[in-house]
Amino acid sequence: MSCFQGLLFCPEAASLLLHNFCIYHISPPGHELGAAPISPNAPIPSVDDLADQVVDVLDFFGLGSVMCFGVTAGAYILTLFAVRASELLCYIYCLSINFLLLLNYLLFQSKYRERVLGLILVSPLCKGPTWTEWLYSKVISNLLYYYGMCGLVKECLLQRYFSKEVQGFSELPESDIVQACRSLLDQRQSMNVWRFVQTMNQRYDLTEQLKLLQCRTLIFVGENSQFHAEAVHMTSKLDRRYCALVEVTKQSSSACLPVPPHSLLLVCKHQVWQNGHVLQVQACGSLVTEEQPHAMLIPMEYFFMGYGMYRPSQLDCSPRSPLSPFCISPDLLSPESMGVKLKPIKTRVRLEV
């Protein structure tokens with residue numbers, strides 16, 4: 001839950017999410033709580049394999065349509081998952097009259113059809129890695145492979161996640177969220193992280209497929225995020241009727257960077273921009289959910305209103321109700337405290353012949 005703890009510990013955001021959703025958290029293979037090292041002989045999954053595993057998780061729990069919420073690499077996988085549903089539907093109309101071929105597509109598409117209600121993406125990836133990012137990830141991969149989760153690897157990952165303000169410097173110590181993230185990285189199996197870095201370093205460009213995406217999409221990105229340009233690029237390629245971008249930056253009194261018309265109404269800190277601007281609040285890195293979770297509340301609330309969902313008022317909640325913001329303790333979000341023993345779900349991975 002490391003990407004979402006700050007958001008779920010924010011009482012107002014937690015009440016909004018818990019009032020409307022039952023939350024399922026999906027981790028990459030080998031990143032779940034208490035995960036054992038994955039065998040070196042196991043094939044490294046592709047991004048397509050990870051998208052298929054999302055389907056396996058939904059089927060395992062008997063879930064139909066879902067609202068997808070992803071951060072950075074997770075946002076890429078969920079976008080790929082949503083794109084494949086729209087892409088397969090469009091391809092069926094382009095197929096020649098071949099019953100067996102059509103049947104195969106229909107069977108494959110049945111796993112994806114109408115599974116995604118909407119997307120909430122934080123600092124999303126949508127393109128293949130640049131040469132700079134590819135080389136940077138290769139360095140991290142080699143360090144992980146030979147030295148494990150060493151201090152240099154953690155510093156490289158933290159630079160991707162957070163802005164310099166919370167990372168700290170000579171005159172200012174690093175923030176609590178950075179210290180907590182550093183502690184969580186220590187608990188990860190280094191070879192499992194290495195496998196995931198390898199997977200994401202082999203991702204491909206989704207730009208053309210984004211035009212097929214029909215579900216509503218709300219994108220958050222921090223001004224200091226390394227993936228800022230990619231989030232803006234993604235917004236420009238999505239259907240203007242279904243997309244909105246929220247940029248989290250220092251200049252909270254003015255708007256910049258146009259977004260497509262017909263975008264969602266975004267409100268924060270008593271400033272409103274509609275149809276043509278990006279909302280701006282305080283500076284932030286890639287993990288907006290950790291650094292500025294309060295900045296996400298009002299945009300998400302308006303986003304959910306399009307689905308008939310709302311945040312309950314305090315009068316609607318009993319003070320002792322588990323949905324009451326004042327009753328949500330961080331301990332309640334711990335699987336150990338709830339007596340839940342998490343087990344990885346076995347999913348299929350294509351073997352290379």
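Just so it is clear, the values below take in all heavy atoms, side chains as well, and ignore hydrogens, waters and symmetry mates.
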> Write down the atom of Ser286, the atom of Gln226, and the distance for their closest heavy-atom approach.
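Of all heavy-atom pairs spanning Ser286 and Gln226, the closest is OG-N, 3.8 Å.
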> Given the rule in the side-chain contact (heavy atoms from CB on, under 4.5 Å) test, do Met200 and Val47 qualify, once you have shown the distances and angles that lead to the verdict?
CA-CA 7 Å; Met200 294 309 302; Val47 290; 4.1 Å; yes
> Considering non-hydrogen atoms only, spot the tightest contact between Phe81 and Val55 and give its length.
CE1-CG2, 3.5 Å
> Using a 3.5 Å distance criterion without hydrogens, assess whether the side chain of Ser15 forms a donor-acceptor pair with backbone atoms of Glu12.
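Yes; judged by distance alone, with no hydrogens or angles, the pair exists.
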> Is a side-chain N or O of Ser65 found less than 3.5 angstrom from the main chain of Arg115, in a donor-acceptor match?
no
> Supply the atom-to-atom distance Leu143 CG to Lys138 NZ, rounded to the nearest 0.5 angstrom.
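It is 12.5 Å, given to the nearest 0.5 Å.
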> Would you say the side-chain atoms of Arg216 pair up with the backbone N or O of Gly306, donor to acceptor, closer than 3.5 Å?
yes
> Applying side-chain contact (heavy atoms from CB on, under 4.5 Å) to Glu291 and Ile177, what does each step give before you reach the verdict?
CA-CA 8 Å; Glu291 290 193 52; Ile177 59 174; 3.8 Å; yes
> Checking the side chain of Asn192 only, and the main-chain atoms of Ala36 only, is there a donor and an acceptor separated by less than 3.5 Å?
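Between the backbone of Ala36 and the side chain of Asn192 there is a qualifying donor-acceptor contact (under 3.5 Å).
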> Say you draw a straight line from OG of Ser163 to CG of Leu158; how long is it, rounded to the nearest 0.5 Å?
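Interatomic distance, Ser163 OG to Leu158 CG, rounded to 0.5 Å: 11.5 Å.
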> side-chain contact (heavy atoms from CB on, under 4.5 Å) for Phe304 and Met67? Distances and angles first, verdict last.
CA-CA 10 Å; Phe304 292 147; Met67 183 76 68; 4.2 Å; yes
> So do the side chains of Val248 and Val221 get within less than 4.5 Å of each other, counting heavy atoms only?
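A side-chain contact under 4.5 Å is absent here.
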> Whether the side chain of Glu230 engages the backbone of Cys126 through a donor-acceptor N/O pair (distance < 3.5 Å, no angle test) should be reported.
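The answer is yes, because a donor-acceptor pair under 3.5 Å joins these two groups.
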> For the pair Phe61 and Tyr24, name the ring-plane relationship: parallel under 30°, tilted 30 to 60°, perpendicular over 60°.
tilted
> Kindly write out the residues that satisfy ring pair (Phe, Tyr, Trp, His ring centres under 6.0 Å) with Tyr136, not counting sequence neighbours, or none if the list is empty.
none
> Is the backbone N or O of Val166 less than 3.5 Å from a side-chain atom of Ser175, with the two atoms forming a donor-acceptor pair by type?
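Checking the backbone N and O of Val166 against the side chain of Ser175, a donor-acceptor pair under 3.5 Å is found.
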> Above 12 or not: heavy atoms from other molecules or residues under 6.0 Å from OH of Tyr147?
no
> Starting from the C-alpha separation in whole Å, work towards a yes-or-no answer on salt bridge (Lys or Arg N to Asp or Glu O under 4.0 Å) for Arg203 and Glu133.
CA-CA 12 Å; Arg203 70 184 187 272; Glu133 183 192 346; 2.9 Å; yes
> Check whether the side chains of Thr79 and Arg84 place a donor and an acceptor atom closer than 3.5 Å, and report yes or no.
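Side-chain D/A pair, Thr79 to Arg84: absent.
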> Hey, does the side chain of Ser27 reach the backbone of Glu32 with a donor-acceptor pair shorter than 3.5 angstrom?
no
> Checking Val66 now: which residues fulfil side chain to side chain contact (heavy atoms under 4.5 Å, CB included) with it, not counting sequence neighbours?
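Expected list: Leu58, Leu63, Cys68.
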> Side chain of Thr199, backbone of Pro45: donor and acceptor closer than 3.5 Å?
yes
> Hey, what do you get for CZ (Phe162) to CZ (Arg182), rounding to the nearest 0.5 Å?
10.0 Å
> Looking only at heavy atoms, what is the nearest atom pair of Tyr161 and Cys181, with distance?
CD1-SG, 3.8 Å
> Run the numbers on Asp48 and Ser46 for side chain to side chain donor-acceptor pair (under 3.5 Å), then give the verdict.
CA-CA 5 Å; Asp48 291 311; Ser46 67; 4.5 Å; no
> Do you know which two heavy atoms are closest between Leu218 and Pro299, and how far apart they sit?
CD2-O, 3.8 Å
> Report the distance from atom CD of Glu290 to atom SG of Cys10, rounding to the nearest 0.5 Å.
11.5 Å
> Could you tell me if Gln198 and Ser141 have a donor-acceptor pair between their side chains, going purely by distance under 3.5 Å?
yes
> Determine whether Arg240 and Thr235 satisfy the following criterion, side chain to side chain donor-acceptor pair (under 3.5 Å), listing intermediate values before the conclusion.
CA-CA 8 Å; Arg240 296 182 176 184; Thr235 305; over 6 Å; no
> Could you tell me the separation between the CG atom of Leu238 and the CD atom of Gln214, rounded to the nearest 0.5 Å?
10.5 Å
> Would you indicate whether Phe21, at its atom CZ, is surrounded by more than 12 heavy atoms from other residues, nucleotides or ligands within a distance under 6.0 Å?
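Count over threshold, so yes.
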> Checking Glu247 against His228: is there a side-chain donor and acceptor pair closer than 3.5 Å?
yes
> Provide the closest heavy-atom pair for Pro43 versus Arg195 in the form atom of the first, atom of the second, distance.
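Closest approach of Pro43 to Arg195, heavy atoms only: O-NH2, 2.9 Å.
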> How close do Cys243 and Ile219 get, heavy atom to heavy atom, and via which atoms?
SG-CD1, 4.3 Å
> Does any N or O in the side chain of Tyr307 come within less than 3.5 Å of the main-chain N or O of Leu117, such that one atom is a donor and the other an acceptor?
yes
> Quick check: is Phe196 connected to Tyr204 through a chain of hydrophobic side chains (ILVMFWY, heavy atoms under 4.5 Å apart)?
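Looking at the clustering, Phe196 is in the same group as Tyr204.
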> Give me the ring orientation class for Tyr145 and Trp194: parallel if the planes are under 30° apart, tilted from 30 to 60°, perpendicular past 60°.
tilted
> Report the distance from atom CZ of Phe69 to atom CD1 of Ile26, rounding to the nearest 0.5 Å.
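Phe69 atom CZ to Ile26 atom CD1 measures 14.0 Å (nearest 0.5 Å).
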